[in-house]
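To start, the structure itself, in structure tokens.
Convention: sequence-line order gives letters A, B, ...; per-chain numbering from 1.
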Amino acid sequence: MRSTACSAWVNRATDKEFLFLTGDLGYSALEPLRERLGDRFINAGVAEQNMVSVGAGLAIEGMNVWIYSIAPFCYARPFEQIRNDICQHRLPVKLVGNGGGYGYGAQGASHHALEDYGALLTLPGMRAFVPAFSVDVEEIVDRMHQIDHPGYLRLGRCEQPPGQEVEAFSPWRRLVRGGGISVIVVGPLAGSFWQHMLSMTESTRPDLWVLGELPVTDISNMPPALLSNIVANGLCVVEEHGLQGSVGQQLAALLMGGGFTPRQFLHCYAQGYPSGTYGSQSFHRRESGLEPGQVMEALGIAP
Amino acid sequence: MTKNNFEEIRVKARLRMLQMHYDAGVGHIGGNLSALDAMLYLHHYVMSAEDQFVLSKGHAAGALYVTLWSRGILQESDLCSFHDDGTLLSGHPPPRRLEGVPVATGSLGHGLPMACGMALARKLRKQPGQIFCLCSDGEWQEGSNWEALIFARHHNLSNLVVLVDINGLQGFGSTQAVASMNDLGKHMEAFGLRTHELDGHLEASLERLNIRSFEDRWCYLLQTVKGKGISFMENRLEWHYRPLDEASYRQALAELNS
């Protein structure tokens, strides 16, 4: 997704107020943007606190600022700078975290982002975007460019099944129509569920949706077909994020508050490091029970 | 700007600032008094309409509000609301609501990096104006400030002017006892700043704020006295946090009016 995002930013380089800050990351991906932006592409070095506050200062002067790093270095290290300098000032600064969830795999826990959108969405005015597929990125960058408040873009690895067409990005999209429980997946993980369900019988397989914009605060923005199926057949939420601040918690509170009671509710989320060992993104997903087969088994759905 | 009587401005501002803090029953008076003179001098005799002032030591907000009041930007009614329910004049500068307060601060180590961003935007756009940023001395224990100096040097932000209020006392001890950096000026120079040491209260010394080249990044080390002007507060640690009671307020007024 990084190269797609880079192209999207390059397309906006004619905006003379557009300025891009990176925390010394983007090798072999952001070079075209650096070339296009010239002195408006700034490698702020390995100094994330300063980078975020500098971004806030640039935005106070009216510039359109995007800030890029590996996800945890983008939101965790400079959290107070995001809170005080960006969000309390309601500045439209956009943060980009590469490698959401277990995206950096065996690089280890320091590079994982299991609480990024949960933590950031506690801040005033913040919205988070989680593209599921590379083709979503252009539209999301365009949307984020237009919003006048802070935003966070969680980039991951595209897992779009070969040969499958994706409809244009919107916060809610149905990927696979099914007669069973509603399964809502956040971000790229949805691709593996899509692939898994293609071989299942439509009448018994889950109704698969992908969610790409957070938080979900208004039940009226949820598709009516999804809501009615949640009540009739239940809800399963799957996300590569920890429990606290998760989409599962958001949706559970929202549905209960709106008087919608799912027939059943299962929440599958990142469990951290149950074995205390490290490996690929797939390894960590398996340890957390996030692989499609594991979720189907938990739901009692035959393969 | 025509030079008025600085002493007259200063006494009036000190009296009004003490009244604000006494009425509100709040502290941080010592660090306000150490920074007030430099803020007044900058706003009355140094800054132009294109310049901006960032108060990184946000706990000196009272001094900033009084300074803006002395320039006619804030009104008497504004000062009366200080620390009150529904006020815009919180104990630390608020975000984006007040003229003359471009950024909110309060957590130390934020003002200078934001000032760097403001200075960079102007440099990129070739816009005039300087960004003045006043820090405390204890604030240099924050790593983000040093990150900002590296950035300012690398991007040659010669439109950034750093001021440090060196009153030698922080929240729970002297800077010497808590985390001594000995000669702060040498550290600043190592990070590419041209430093000047000034008496932060003496008008003849503060006049040097107007004498500098615009090719360099400047840092003014203001030698100040915590609680300046009130004998029982001067260089006393407790006046970092302690509010005024009636007796001490009366005594302070008597000293300032004498």
To the nearest 0.5 Å, what is the distance between OG on B/Ser144 and CD on A/Gln81?
6.0 Å
By a 4.5 Å heavy-atom criterion (distance strictly below it), what part of A/Glu80 contacts chain B: side chain, backbone, both, or neither?
both
A quick test of your reading: do over 12 heavy atoms of other residues, nucleotides or ligands sit less than 6.0 Å from CZ of A/Arg143?
yes
In terms of heavy-atom pairs under 4.5 Å with chain A, the winner among B/Ala104, B/Pro95, B/Pro113 is B/Pro113
Please state whether the side chain, the backbone, both or neither of A/Asn84 comes within less than 4.5 Å of a heavy atom of chain B.
side chain
Taking B/Glu147 for its side chain and A/Asn50 for its backbone only, find out whether a donor-acceptor pair lies under 3.5 Å.
yes
Hey, is the main chain of A/Ser53 close enough, under 3.5 Å, to the side chain of B/His110 for a donor-acceptor pair?
no
Run the numbers on A/Ile60 and B/Gln52 for side chain to side chain contact (heavy atoms under 4.5 Å, CB included), then give the verdict.
CA-CA 11 Å; A/Ile60 282 168; B/Gln52 288 279 11; over 6 Å; no
Look up atom CG in A/Asn43 and atom NE2 in B/His154, then write down how far apart they are to the nearest 0.5 Å.
8.0 Å
Max heavy-atom pair count under 4.5 Å with chain B, selected residue of A/Arg90, A/Glu61, A/Met51, A/Met63:
A/Glu61
Heavy-atom pairs under 4.5 Å with chain A - which of B/Gln127, B/His155, B/Arg125 has more of them than the others?
B/Arg125
What one should report as the nearest heavy-atom pair of B/Cys116 and A/Val54 is CB-CG2, 4.0 Å
If we only count heavy atoms from C-beta on, is the B/Glu142 to A/Gln49 side-chain gap below 4.5 Å?
no
B/Leu124 versus chain A, the contacting section by heavy-atom distance below 4.5 Å:
side chain
Quick check on B/Glu50: does its CD atom have over 12 non-hydrogen neighbours (other residues, nucleotides or ligands) under 6.0 Å away?
yes
Looking at OG1 of B/Thr105 and CD of A/Gln88, how far apart are the two atoms once the value is rounded to the nearest 0.5 Å?
11.0 Å
